Trainee: 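Supplied in structure tokens, the structure appears directly below.
So that the names make sense, note that chain A is the first sequence line, chain B the second, and so on, each numbered from 1. It should be emphasised that the depicted structure is a prediction, and the values quoted were computed from it without experimental measurement.
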There are 2 protein chains.
Amino acid sequence: MPRASTTTDVFNAIAEPRRRQIINALAGGRAHAVGELVTRLRVSQPAMSKHLGVLRKVGIVSVSRHGRRRLYRLNAGELKPHQLNRIKQQAERKASERPADEGRPAKDTPKT
Amino acid sequence: MPRASTTTDVFNAIAEPRRRQIINALAGGRAHAVGELVTRLRVSQPAMSKHLGVLRKVGIVSVSRHGRRRLYRLNAGELKPHQLNRIKQQAERKASERPADEGRPAKDTPKT
DNA sequence: TTGACATATTCCCATATAGGAATATAATAT
DNA sequence: ATATTATATTCCTATATGGGAATATGTCAA
């Protein structure tokens with residue numbers, strides 16, 4: 001069985017690198033139209049729409065209509081980009097500290 | 001192209017529900033042998049090994065060998081389960097607040 | 001040595017998914 | 001009305017992935 005549905009799960013939503021890019025692009029707090037994001041991130045328009053759809057469904061962003069545009073904004077207070085960066089960087093640091101981490105053998109077999 | 005490699009990316013590592021279960025099971029700080037986790041979480045041994053492998057590669061857990069067992073423990077200070085829960089709950093709350101969020105139409109088209 | 005136990009790895013398959021192309025929907029302008 | 005702009009959706013495909021079964025590796029005991 002592959003991963004849990006991307007549309008139901010925040011973690012799956014932010015597992016996609018492009019979506020994290022989008023989150024970063026929205027980090028300023030300003031609302032952005034789909035077209036702006038398409039240009040800034042060099043993603044095709046359909047792809048962008050799909051990613052934004054996923055982010056919206058899990059509650060990371062919200063939309064508002066303004067004329068023919070749809071403005072997406074990060075949901076303030078939730079899932080700040082810097083939190084994501086922290087998580088990533090912390091784990092990556094750990095991973096590189098212990099290159100292929102195996103631990104050494106031991107005679108001390110814990111009870112159980 | 002599907003998602004980014006699960007073995008390179010912390011976010012993909014925690015995107016898998018079973019792996020979050022494992023993280024929770026390790027939350028106490030104690031080290032657990034693979035077999036214990038297999039029993040507790042009712043996951044097959046190979047599956048467990050694979051998940052632990054992923055978690056290890058991205059730096060979320062570390063292993064130490066004790067006799068024929070391998071003891072896995074959460075990397076203290078990194079990626080605490082409660083952080084994951086917070087992220088998830090916050091986003092889920094937001095998502096349910098705005099059931100199918102669309103925003104209302106407007107005449108006010110912001111300057112590009 | 002052989003055997004039992006603990007964990008990792010390989011092979012295979014079903015399935016979800018990201019992306020592209022084309023199309024649909026919506027809103028404004030003329 | 002038609003045209004144009006902006007975004008969403010549908011269809012398709014290639015690919016990564018999680019899980020099971022079987023096997024390999026490793027470790028200890030006799």
Trainee: Kindly indicate whether the side chain of Arg30(B), heavy atoms from C-beta on, has any atom under 4.5 Å from the side chain of Glu36(B).
Mentor: yes
Trainee: OP1 or OP2 of dG19(C) less than 4.0 angstrom from a side-chain nitrogen or oxygen of Ser44(A), does that happen here?
Mentor: no
Trainee: Would one find a side-chain N or O of Tyr72(A) under 4.0 angstrom from OP1 or OP2 of dA8(D)?
Mentor: yes
Trainee: Flag the pair Ile22(A) / Leu41(A) as yes when at least one side-chain heavy-atom distance between them is below 4.5 Å, and no otherwise.
Mentor: yes
Trainee: Expressed in angstrom and rounded to an integer, what is the separation of Asp9(B) atom CG from dT17(D) atom P?
Mentor: 10 Å
Trainee: Taking five pairs at each end, how big is the angle between the two axes of the helix from dT1(C)-dA30(D) to dT30(C)-dA1(D), to 10°?
Mentor: 10°
Trainee: Is the shortest side-chain N/O distance from His51(A) to OP1 or OP2 of dG19(C) below 4.0 Å?
Mentor: yes
Trainee: Asn12(A) has an atom CG; how far is it from atom C1' of dT15(C), in whole Å?
Mentor: 14 Å
Trainee: Just how far, in rounded Å, is P of dA8(C) from CG of Leu71(B)?
Mentor: 11 Å
Trainee: Report the distance from atom NZ of Lys57(A) to atom P of dA18(C), rounded to the nearest whole Å.
Mentor: 11 Å
Trainee: Are any of the side-chain heavy atoms of Ser62(A) and Arg56(A) separated by less than 4.5 Å?
Mentor: no
Trainee: Picking from dG19(C), dA8(C), dT7(D), which would you name as closest to the side chain of Arg70(A)?
Mentor: dT7(D)
Trainee: Between dC28(D), dG18(D), dG19(C), which nucleotide has the shortest distance from any of its atoms to the side chain of Arg68(B)?
Mentor: dC28(D)
Trainee: How would you list, by chain and number, every residue that makes a side chain to side chain donor-acceptor pair (under 3.5 Å) with Gln45(B), sequence neighbours excluded?
Mentor: Ser49(B)
Trainee: For dT7(D), does OP1 or OP2 lie under 4.0 Å from any side-chain N or O of Arg65(A)?
Mentor: no
Trainee: It should be established whether Arg19(A) places a side-chain nitrogen or oxygen under 4.0 Å from OP1 or OP2 of nucleotide dA18(C).
Mentor: yes
Trainee: Under a plain distance cut-off of 3.5 Å, with no hydrogens placed, do His51(A) and Arg18(A) share a side-chain donor-acceptor pair?
Mentor: no
Trainee: Can you pull every protein N or O that's under 3.5 Å from an N or O on nucleotides 9-12 of chain C?
Mentor:
from, atom 1, to, atom 2, distance (Å)
dT10(C), O4, Lys50(B), NZ, 3.3

